[in-house]
Amino acid sequence: MVHGTARAVGAIGAALISAVIGWSTAQAADAATLPQYSPDKHIGVTTCAGSTGHGSAAPWKNSSVQQNEYITWEQKDKHAKAYAALKSDRAARITRNLGLKAATEEPVCLNCHADNIPVADRGKPFNIADGVSCEACHGGAEHWLGVHVSGVGSHADNVKAGMYPTDDPVARANLCMSCHIGIASKYVTHRMMGAGHPRMPFELDTFTAIEPAHYKVDDDYRKRKHAPNGVQVWAIGQAEAVSHVLDGLVDPKRNHDGIFPEMTFFDCFACHHPMSQLRWEPRASTGLGPGIPRLNDANLVMLRVIAQTVDPGLGSKLAQETKALHQASVQGQDATVAAAKALKATTAGLVEKFAQHQFGRSDMSALLSGLVKEGTSGEYVNYMAAEQATMALGSIVAAMRTSSLIDEAQYKTMKTALDKCYDAVAKDEQYSPATYRTALETFASTIPKS
């Protein structure tokens with residue numbers, strides 16, 4: 001599915017370029033306690049499901065919110081089916097292979113497939129079988145529900161009372177990535193993948209766009225909440241993704257497994273392909289030869305493109321330190337951790353920089369050209385980098401369209417070319433760098449002049 005198409009029909013696609021998000025807000029979002037670890041009691045989805053609450057069968061007319069949010073979640077959102085997935089044959093296979101109990105009983109499974117809060121923090125209507133439910137994202141409603149239903153409190157009042165600020169892209173990134181990339185307390189390891197757990201690709205803006213939206217970004221929404229354009233969400237998401245990965249690399253409990261490193265930090269397809277496929281190609285940005293597993297630097301490649309656009313000097317430093325990390329990976333664990341810490345320090349201010357930067361037309365065109373340049377110079381020989389690049393192109397094209405920076409004729413031309421990129425990454429195990437490079441070259445011809 002082409003990301004631009006998803007954004008066109010999703011409510012998030014209605015947002016125009018917003019005012020710059022202040023760093024003070026980003027700091028607050030970054031410090032927000034994830035709902036799973038907040039002490040506030042979770043009282044269950046039934047408190048949200050009434051027809052006069054968020055359980056209306058259809059959107060209300062002349063209402064600032066649609067009121068059918070529960071129905072959208074229950075009927076269309078995969079998060080509502082997350083717990084049910086733990087009862088599948090695949091889940092049984094995974095837990096059996098790992099020597100675990102039923103997936104519905106294991107915290108390692110429940111932590112991401114449900115709102116797995118301590119029993120003491122569960123209200124009477126709470127049901128863990130509801131999966132990734134309202135409070136798993138919006139926070140335990142113990143204190144904010146009264147303010148929320150009163151009709152007199154603002155969104156800021158709700159957040160002050162304990163609601164999690166999902167509208168803020170920094171807070172949203174930390175929430176989503178706590179499962180989709182992982183944190184110290186919950187992480188999908190290579191052993192879990194070996195047992196049958198699927199790979200975990202993620203990109204914040206794309207996944208926001210294809211999520212069945214239960215809100216409408218209109219003038220009223222923009223007055224009450226953050227409504228950044230998709231490029232800013234993408235940029236912040238890439239910075240946060242790199243931060244999460246580097247946190248794992250420097251964590252001694254997560255970056256080693258027996259005599260092996262934790263293999264989830266490496267590019268899956270450097271090893272997982274038939275030996276008959278002579279697919280290795282050099283990448284100048286790593287300096288590594290054949291036969292050496294490469295760290296998965298897909299998010300770092302994206303981050304480098306963004307940094308080069310916003311701050312070229314910082315972009316060059318990021319490129320140098322990324323190469324140093326690759327080189328350190330063949331020198332040993334201590335060298336890798338040291339290089340990761342240096343890179344972590346360099347990337348520490350990027351969320352602030354992107355949150356303060358208003359990505360306009362010239363930036364978007366430069367980002368598109370930068371992404372294409374990386375690919376045509378050989379940086380997407382790794383499937384996972386090509387996958388991230390394709391989602392990035394989709395985010396930028398969609399943002400240009402919804403911000404009226406391109407007209408419908410331009411959008412259709414770009415979308416047709418972008419479809420070829422999506423086709424080239426549709427089947428990971430059949431990925432051909434040469435085919436993808438050709439698709440990128442076709443897409444390059446459609447990029448508007450800045």
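Heavy atoms only: backbone and side chains are in, while hydrogens, waters and symmetry mates are out. All of these numbers come straight from a predicted model, not from anything done at the bench.
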Visitor: Stepwise, does the side chain to side chain contact (heavy atoms under 4.5 Å, CB included) test hold for Val381 with Trp280?
Guide: CA-CA 8 Å; Val381 296; Trp280 187 87; over 6 Å; no

Visitor: Assess the residue pair Glu374 and Arg283 against the criterion (salt bridge (Lys or Arg N to Asp or Glu O under 4.0 Å)); give the C-alpha distance rounded to whole Å, side-chain angles, the decisive distance to 0.1 Å, and a yes or no.
Guide: CA-CA 10 Å; Glu374 292 288 335; Arg283 278 184 58 201; over 6 Å; no

Visitor: Check whether more than 12 heavy atoms from other residues, nucleotides or ligands sit under 6.0 Å from atom NZ of Lys76, and answer yes or no.
Guide: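 Counting neighbours around NZ of Lys76, 12 or fewer heavy atoms of other residues, nucleotides or ligands fall under 6.0 Å, so no.
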
Visitor: Any non-hydrogen side-chain atom of Leu350 less than 4.5 Å from a side-chain atom of Thr347?
Guide: yes

Visitor: State whether a side-chain donor-acceptor pair under 3.5 Å links Asp267 with Asn296.
Guide: no

Visitor: Which value, rounded to the nearest 0.5 Å, describes the distance between Met364 atom CE and Asn229 atom CG?
Guide: 4.5 Å

Visitor: Give a yes-or-no answer on whether the side chains of His357 and Asp363 include a donor-acceptor pair shorter than 3.5 Å.
Guide: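 Judged by distance alone, the side chains do pair up.
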
Visitor: Heavy atoms, side chains only, cut-off 4.5 Å: are Leu110 and Tyr83 in contact?
Guide: yes

Visitor: Angle class for the His180/Phe202 ring planes (parallel below 30°, perpendicular above 60°, tilted otherwise)?
Guide: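 Rings of His180 and Phe202: parallel, under 30°.
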
Visitor: Please list all pairs passing the side-chain hydrogen bond (donor to acceptor under 3.5 Å, both in side chains) test where one or both residues lie in residues 131-144, with sequence neighbours left out.
Guide: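 Sorted result for residues 131-144: empty, none.
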
Visitor: Just do the side chain to side chain contact (heavy atoms under 4.5 Å, CB included) check on Leu98 and Met192 with the steps written out, would you?
Guide: CA-CA 7 Å; Leu98 292 172; Met192 293 168 68; 4.0 Å; yes

Visitor: Rounded to the nearest 0.5 Å, what's the gap from NZ on Lys78 to CD on Glu211? Could you check?
Guide: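 Nearest 0.5 Å value for the NZ-CD distance: 10.0 Å.
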
Visitor: Indicate yes or no: at least one non-hydrogen side-chain atom of Leu368 is less than 4.5 angstrom from one of Ser365.
Guide: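 Heavy-atom side-chain distance check fails, nothing below 4.5 Å.
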
Visitor: Does NZ in Lys420 sit with more than 12 non-hydrogen atoms of other residues, nucleotides or ligands closer than 6.0 Å?
Guide: no

Visitor: Check Asp419 with Lys415, please: is the shortest side-chain N to carboxylate O separation under 4.0 Å?
Guide: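 Salt bridge between Lys415 and Asp419, a charged N being under 4.0 Å from a carboxylate O: yes.
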
Visitor: May I ask you to check if Arg294 and Phe266 form a cation-pi contact, with NZ or CZ under 6.0 angstrom from the six-membered ring centre and within 45° of the axis?
Guide: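 Judged by the rule, Arg294 and Phe266 form no cation-pi pair.
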
Visitor: Answer yes if the ring centres of Phe269 and Tyr431 are under 6.0 angstrom apart, and no otherwise.
Guide: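 So the answer is no for these two rings.
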
Visitor: Inspect the surroundings of CZ in Arg191 and state if more than 12 heavy atoms from other residues, nucleotides or ligands are less than 6.0 Å away.
Guide: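 Count not over threshold, so no.
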
Visitor: Under a 4.5 Å cut-off applied to non-hydrogen side-chain atoms, are Thr166 and Leu175 in contact?
Guide: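 Thr166 reaches Leu175 side chain to side chain.
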
Visitor: Can Asp247 and Lys344 be counted as an ion pair, charged N to O under 4.0 angstrom?
Guide: yes

Visitor: Any sub-3.5 Å donor-acceptor pair from Asp251's side-chain atoms to Gly248's backbone N or O?
Guide: no

Visitor: Can you tell me if Arg199 has over 12 outside heavy atoms packed within less than 6.0 Å of its CZ?
Guide: yes

Visitor: Would you say CD of Glu429 has more than 12 non-hydrogen atoms from neighbouring residues, nucleotides or ligands within 6.0 angstrom?
Guide: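 Atom CD in Glu429 is not crowded, with 12 or fewer foreign heavy atoms closer than 6.0 Å.
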
Visitor: In terms of side-chain heavy atoms, does Thr33 have a donor or acceptor partner in Tyr164 at a distance below 3.5 Å?
Guide: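 Their side chains do not contain a donor-acceptor pair, so the 3.5 Å distance test is not met.
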
Visitor: Do Asp297 and His326 get their side chains close enough for a donor-acceptor pair, meaning under 3.5 Å?
Guide: yes

Visitor: Do Asn174 and Glu240 have side chains that approach each other closer than 4.5 Å (heavy atoms only, starting at C-beta)?
Guide: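 Asn174 vs Glu240: side chains touch.
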
Visitor: Just do the salt bridge (Lys or Arg N to Asp or Glu O under 4.0 Å) check on Asp168 and Lys225 with the steps written out, would you?
Guide: CA-CA 8 Å; Asp168 187 288; Lys225 299 182 179 183; over 6 Å; no

Visitor: Arg361 side chain to Leu405 main-chain N or O, any donor-acceptor pair under 3.5 Å?
Guide: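 It does hold such a pair.
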
Visitor: Let's go through Asn116 and Gln36 carefully: what are the C-alpha distance in whole Å and the side-chain angles of both, what is the deciding distance for side chain to side chain donor-acceptor pair (under 3.5 Å) to 0.1 Å, and is it a yes or a no?
Guide: CA-CA 7 Å; Asn116 191 31; Gln36 185 176 351; 5.9 Å; no

Visitor: When rounded to the nearest 0.5 angstrom, what is the spacing between NZ in Lys81 and NE2 in His113?
Guide: 14.5 Å

Visitor: Keeping Gln232 on the side-chain end and Ala355 on the backbone end, is there a donor-acceptor pair under 3.5 Å?
Guide: yes

Visitor: How about Met384 and Cys268: do any of their side-chain heavy atoms sit closer than 4.5 Å?
Guide: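 They are in contact (side-chain heavy atoms under 4.5 Å apart), so the answer is yes.
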
Visitor: Do Arg90 and Pro198 come close enough that some side-chain heavy atom pair is under 4.5 Å?
Guide: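 With C-beta onward as the side chain, the pair touches.
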
Visitor: Heavy-atom distance under 4.5 Å between the side chains of Trp234 and Thr208, does that happen here?
Guide: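 SC-SC contact between Trp234 and Thr208 ruled out.
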
